[in-house]
Amino acid sequence: MVQERYNPEEIEQKWQHRWAEDNSFACGDTQKPKYYVLEMFPYPSGNIHMGHVRNYSIGDVIARFRRMQGFDVLHPMGWDAFGLPAENAAIKNNTHPAKWTFANIDTMRAQLQRLGYSYDWKREIATCRPEYYKWEQLFFLRFLEKGLIYRKKAPQNWCPSCHTVLANEQVVEGLCWRCDSKVEQKDLTQWFLRITAYAEELLQDLDKLEGGWPERVLAMQRNWIGKSVGAHITFDLEQPQGDVTSLEVFTTRPDTLFGVTFLTLAPEHPLVESLIQKTPEAEHIRQFIQRTRNMDRLERQSDQLEKEGVFTGSYVLHPFTGARVPLWLGNFVLAEYGTGAVMGVPAHDQRDFDFAHKYHLPITLVIQPENTTLDTATMTEAMTGNGVMVNSDSFNALLNEEGKIQIVTALEQKKKGKAAIQYRLRDWNISRQRYWGAPIPVIYCEQCGVVPEKEEHLPVHLPLDVKTREDGRSPLPETASFATCQCPRCGGQARRETDTLDTFVESSWYFARYTDARNENTPFSADALLRWLPVDQYIGGVEHAILHLLYARFFTKALRDCGFFPKEITEPFRNLLTQGMVLKDGRKMSKSKGNVVDPTLMIQKYGADTVRLFCLFAAPPERDFDWSDSGIEGSSRFLARVWRLFQDTRQYLQPLLPCTASAQDAQSAAARDLRRKEHLTVKKAGEDMGDRFQFNTAIAAVMELVNAMYACRDELCADSAGQHVFSSAMSSVLTMLSPITPHLCEELWEDLGHTTPLNNMPWPQWQEEALQQDVITIALQVNGKLRGTMDIPAGISKEDVENLARKDQNIMRHTQNMTIRKVIVVPGKLVNIVAG
RNA sequence: GCGAAAGUGGCGGAAUUGGUAGACGCACUGGACUUAGAAUCCAGCGGGUUGCCCCGUGGGGGUUCAACUCCCCCCUUUCGCACCA
């Protein structure tokens, strides 16, 4: 018998070719229950990195494991192919974004195939293809019709380096999420998706995801949506200024209404100019506004910011008391939240407290805490807690929570206010002033105005015969063949929208396209959606906790309401696994730090199976892990050890199915132990892989089994009964490892003489009977401290166990001169003797 | 400040319902095999003491026969949000 060395390269090529030829990972057996496992698709940046390998290895184990469990598994892959890096790289390398992108896709597809992932490549998509974005343009038109898309001029986040606007979600601490440039504010007319229309449903439905999604992702989304319950309250101006007769504020504390001693407007509030133009102080106020607007965004948003304001010269009237309330501007009031105006209640809001002290405004206490009595003269900070209402006319003596309700009711009767809910969430700006994106299917006609493109004209092709500009600006406005067009309504000459869609639009619905990826007539059939959605298991990095995952949830609801999705589909992803990062030397891998580990080199050196194994073994999937060069050596060593064990015992091995050696085969103690270990491992590995996604402990369990096989191989291989037990254990090892290291396992499985590939085999069934043992070891404790162990026959009575324990030497020694007060017997586990 | 997660050997990490803390792997040490190395195999490997024990899961209290696990208080780290009225 020839003992070949483990040669991963050769084996892996062989099986990868076979899988491709046989189209091994297609789904479609509708007799079986469905399972849709999806990993976040990559941006084709050039090469896959370790983060991808980890992400896709996790997904692949789940996919392969579910197949073995009898599910019809959909496991697709594609490319999030529009976006800025392609444009920037094209400019840098003097090529075209399309060329660059498709070349990268080819490279990365080959790299993924080299890792042996079980994708159904027949469903591959690339979002930059017209066959894909055509449907996105159709969604755009239907959303527009439904009022879910609108155009408005507003101050926008502008990245000067990327020459484009950014969504709020794409601004991180005042910087562009892509290039870290400081984001500026610019007034621009842009297209918006009305995500705020779904704020409440997006918030409510997070409860449905409880258990399936990590708590922190749910918390982040709740935080981002930012619901506040309160009231809008109207304050009439003492002296109307032209058309302006009143101002509206939003507050979460209507119970403090009687504590209002001033009102504060954002400097950007649209009514400010008409309010101040007749004041002698107008010029001074304008200077304040200008100063505030010019302030750095980061600085402005910081809570370190010194609160500054200026009196407008106007007064409003308190809705209940009619008292004159001075109207101020304040640099801490945000124009874009609520109504851009807030009521100043210095006694019960810290910001107002600071502001009142600085400008010597009066402070009125309207809520007293339960056990102490506060005095505004001695207060050092605002009282923001609950208490009993005072100084509030007919509302005195109410608990403030009750006061909230009653004051809002009274306001509603007087038509001076109403209950209101505010969200922090803003509508999603989807216009981008860049070239490499999906064209927005809208036309501007001088006669007809804004005209949607006709559906039968879709797709609006992104022209590929353009030259990208050095300065990064989009060439589209100057591309006459694209920008100039006929108005679909009047036929006259018109201009096409030259902004493109934010790339997050493509990733908001790709999971649905996979269900019916080659459909040329509709974006997807209802049957395919009903069969596959929602995604049963979604896997990706936590960096998408807000952006992508919120947008995709929104799209699911919007597509449902526009009739593209069946009514019953309301959430895209039932379960979410957020995998941790792969670090090197405790830090994120990056080219600039020079600490990048290239997966291709690792595959060359150790083979795909080893790389997959190590990524799964190093840590549980949610946790970050530090890449270790000696760690991967260990994984490589383990596979070589399996290989060697197989070759060393090959002549005794029979092509048995896992867990098929009988109790009769396992006569000797060693055989019985191995058989038991085999079944125990099948049980544990199945639970760890399928229920808990703890691949590291599943692998550890199989390692234990392999170690046990090493220890008993000579003894067991000596007779045919033993060989049975050993062969069955070997089959179990290969079957259990096959989702993780499929190439090695398929190779040895085939060599054993099996004709059905492991890929089509079911997960083994362990048997209770095999787990039984005649003699068990239990712990002996005195007062909870371990004082020895004892072997006892399984299944003997508690009394017998206790009696045996009392006679144990160790126990006798530790209890001499003591009175035994109590004996705790935990069957199969331990005996604890309480003595003193 | 608000929210989420985490803290266990030299390191990555186990311990699933409260029941023998440290599985599995890495690193390290000793031995075998080798001219030597590599590879492999065997053994050891929390700390203190060596033949008994004592201490030990961020710290302090508590519940329990028994606590990494449950309860209370505190500390540290990471992440997200943050003048949102």
Side-chain angles (χ1 to χ4, degrees), chain A residues 5 172-173 214-224 226-228 230 249-253 256 264 266 300-305 307 330-334 336-345 348-352 354-355 422-425 542-543 545-546 578 613-614 617-620 622-635 637-638 640-641 644 684 687-688 691-692 694 696-704 706-707 710-711 777-790 813-814 821-836:
Chain A
R5 268 187 72 93
V172 183
E173 287 175 5
E215 198 51 50
R216 71 168 166 156
V217 176
L218 296 174
M220 282 161 79
Q221 292 218 353
R222 285 191 185 105
N223 211 322
W224 191 262
K227 181 179 182 175
S228 293
V249 301
F250 173 74
T251 181
T252 55
R253 295 297 303 274
T256 63
T264 322
R300 174 92 187 269
Q301 300 248 310
S302 151
D303 53 0
Q304 311 294 323
L305 178 75
K307 284 174 190 46
N331 63 352
F332 61 96
V333 181
L334 305 171
E336 64 271 20
Y337 183 77
T339 60
V342 294
M343 58 188 212
V345 188
H348 303 290
D349 181 282
Q350 191 57 42
R351 294 155 302 185
D352 296 341
D354 297 342
F355 198 76
Q422 272 294 319
Y423 299 92
R424 217 186 66 111
L425 186 69
V542 76
E543 65 272 17
I546 297 176
T578 50
L613 177 72
F614 180 61
F617 181 60
E622 309 82 11
R623 216 179 293 193
D624 289 350
F625 86 83
D626 210 70
W627 182 269
S628 147
D629 289 327
S630 49
I632 193 169
E633 289 281 349
S635 292
R637 215 151 30 208
F638 171 67
R641 201 166 136 86
R644 214 177 314 115
K684 178 167 172 58
E687 288 165 357
D688 286 357
D691 307 339
R692 304 200 307 156
Q694 301 285 297
N696 55 331
T697 52
I699 294 164
V702 179
M703 284 174 167
E704 280 189 64
V706 171
N707 289 346
Y710 258 91
T777 305
I778 62 167
L780 297 177
Q781 297 180 336
V782 175
N783 292 329
K785 287 189 174 166
L786 183 69
R787 297 299 183 194
T789 59
M790 178 170 76
R813 199 173 67 240
H814 282 98
R821 301 216 183 94
K822 199 172 171 185
V823 178
I824 312 272
V825 179
V826 184
K829 292 272 185 189
L830 56 77
V831 178
N832 186 16
I833 292 175
V834 187

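This one's a predicted model, so the numbers in the text were calculated from it and none came from an experiment. Naming: A, B, ... by sequence-line order, numbering from 1 per chain.
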Would you say a side-chain N or O of A:Asn707 is under 4.0 Å from OP1 or OP2 of B:G25? yes
Can you tell which of A:Leu786, A:Ile824, A:Val823 makes a side chain to side chain contact (heavy atoms under 4.5 Å, CB included) with A:Asn832? A:Ile824
Does any nucleotide pair with B:A43 by Watson-Crick or G-U wobble geometry, both distances under 3.5 Å, and what is it? B:U29
Assign each of A:Gly340 and A:Glu633 to its nearest nucleotide of RNA chain B by heavy atoms, then name whichever residue's nucleotide is nearer the 5' end. A:Glu633
For A:Arg813, which contact category applies under a 4.0 Å heavy-atom criterion: base, sugar-phosphate, or nothing? sugar-phosphate
Distance between the P atoms of B:C73 and B:A4, in whole angstroms? 15 Å
What integer number of Å spans the P atoms of B:C11 and B:U57? 16 Å
So what does A:Asp688 hit on the nucleic acid, given a heavy-atom distance under 4.0 Å: a base, only sugar-phosphate, or nothing? base
Heavy atoms only, 4.0 Å cut-off, all strands: where does A:Phe617 land among base, sugar-phosphate and nothing? base
Distance criterion of 3.5 Å, no angle test: do you see the side chain of A:Asn223 paired donor-to-acceptor with the base of B:C81? no
Is the distance between the ring centroids of A:Phe332 and A:Phe355 under 6.0 Å? yes
Counting any heavy atom closer than 4.0 Å, what does A:Pro214 reach on the DNA or RNA strands: base, sugar-phosphate only, or nothing? nothing
Considering only the C1' atoms, how many Å lie between B:C42 and B:G46, rounded to the nearest integer? 23 Å
Regarding B:G48, purine or pyrimidine glycosidic angle vs 90° from 0 gives anti
Heavy-atom neighbours of A:Arg216 CZ exceed 12 at 6.0 Å: no
Is any side-chain nitrogen or oxygen of A:Thr252 closer than 4.0 Å to OP1 or OP2 of B:C84? no
Remember a base hit wins even if backbone is also touched, and classify A:Gln694 as base, sugar-phosphate or nothing at under 4.0 Å, heavy atoms. sugar-phosphate
On a heavy-atom basis, the closest approach of A:Met790 and A:Leu780 is CB-CD1, 3.8 Å
Would you kindly compare A:Tyr423 and A:Ala640 by the position of their nearest RNA chain B nucleotide and give the one closer to the 5′ end? A:Ala640
A:His348 side chain near B:A85 phosphate (N/O to OP1/OP2, under 4.0 Å): no
Go through B:U16, B:C84, B:U20 for me and flag the one nearest to the A:Ser228 side chain. B:C84
So, does A:Asn331 get its side chain near the phosphate of B:C83, meaning an N or O under 4.0 Å from OP1 or OP2? no
So what's B:G7 paired with, Watson-Crick or G-U wobble, going by both distances under 3.5 Å? B:C75
Given B:A23, B:G19, B:C54, identify the nucleotide with an atom nearest to the side chain of A:Lys829. B:G19
When all nucleic acid strands are considered with a 4.0 Å heavy-atom cut-off, which category describes A:Asn696: base, sugar-phosphate, or nothing? sugar-phosphate
Using the C1' atom as the reference point in each nucleotide, state the distance between B:C41 and B:C33 in Å, no decimals. 8 Å
Is the phosphate of B:A27 approached by A:Arg637 (side-chain N or O, under 4.0 Å from OP1 or OP2)? yes
Please confirm whether the shortest side-chain N or O distance from A:Arg787 to OP1 or OP2 of B:C52 is below 4.0 Å. no
Does B:C24 have OP1 or OP2 sitting under 4.0 Å from an N or O in the side chain of A:Arg641? no
Closer than 4.0 Å, any side-chain N/O of A:Arg351 to the OP1 or OP2 of B:A82? no
Please determine, for the side chain of A:Val333, which listed nucleotide (B:C81, B:G19, B:A85) has the closest atom? B:A85
What nucleic acid atoms does A:Lys227 come within less than 4.0 Å of, heavy atoms only: base, sugar-phosphate, or nothing? nothing
Is B:C2 paired to anything, Watson-Crick or G-U wobble with both distances less than 3.5 Å, and if yes, which nucleotide? B:G80
P-based separation of B:G37 from B:A32 [nearest Å]: 12 Å
Under 4.0 Å between any heavy atoms, over every strand shown, what does A:Thr789 touch: base, sugar-phosphate, or nothing? Just pick one. base
Measure CD/A:Gln781 against P/B:C65 and give the value in whole Å, please. 13 Å
B:C24, B:A85, B:U20: which one has an atom nearest the side-chain heavy atoms of A:Glu704? B:C24
When you get a sec, tell me which of B:A66, B:G13, B:A85 is the closest nucleotide to the side chain of A:Asn832? B:A66
Grab the two heavy atoms, one from A:Tyr710 and one from A:Arg641, that are nearest each other, plus how far apart they are. OH-O, 3.0 Å
Please state how far atom CG in A:Leu425 lies from atom C1' in B:A82, giving the value in whole angstrom units. 16 Å
N or O in side chain of A:Lys785 less than 4.0 angstrom from B:C55 OP1/OP2: yes
Phosphate oxygens OP1/OP2 of B:A4: is one of them under 4.0 Å from a side-chain N or O of A:Arg222? no
Can you identify which nucleotide, out of B:C65, B:U40, B:A21, has its nearest atom closest to the A:Val834 side chain? B:C65
For the residue pair A:Met343 and A:Thr256, what are the closest heavy atoms and their distance? CE-OG1, 3.6 Å
Rounding to a whole Å, what distance do you find between A:Leu830:CG and B:U17:P? 17 Å
Could you give the distance separating B:G19 and B:U64 at their C1' atoms, to the nearest angstrom? 12 Å
So, is A:Arg623 close to the B:A14 phosphate, meaning a side-chain N or O under 4.0 Å from OP1 or OP2? yes
Euclidean distance for C1', B:G9 against B:G22 (whole angstrom): 7 Å
Could you give the distance separating B:C55 and B:C68 at their P atoms, to the nearest angstrom? 13 Å
Using a 4.0 Å heavy-atom cut-off, does A:Thr777 contact any base of the nucleic acid, only the sugar-phosphate backbone, or nothing at all? base
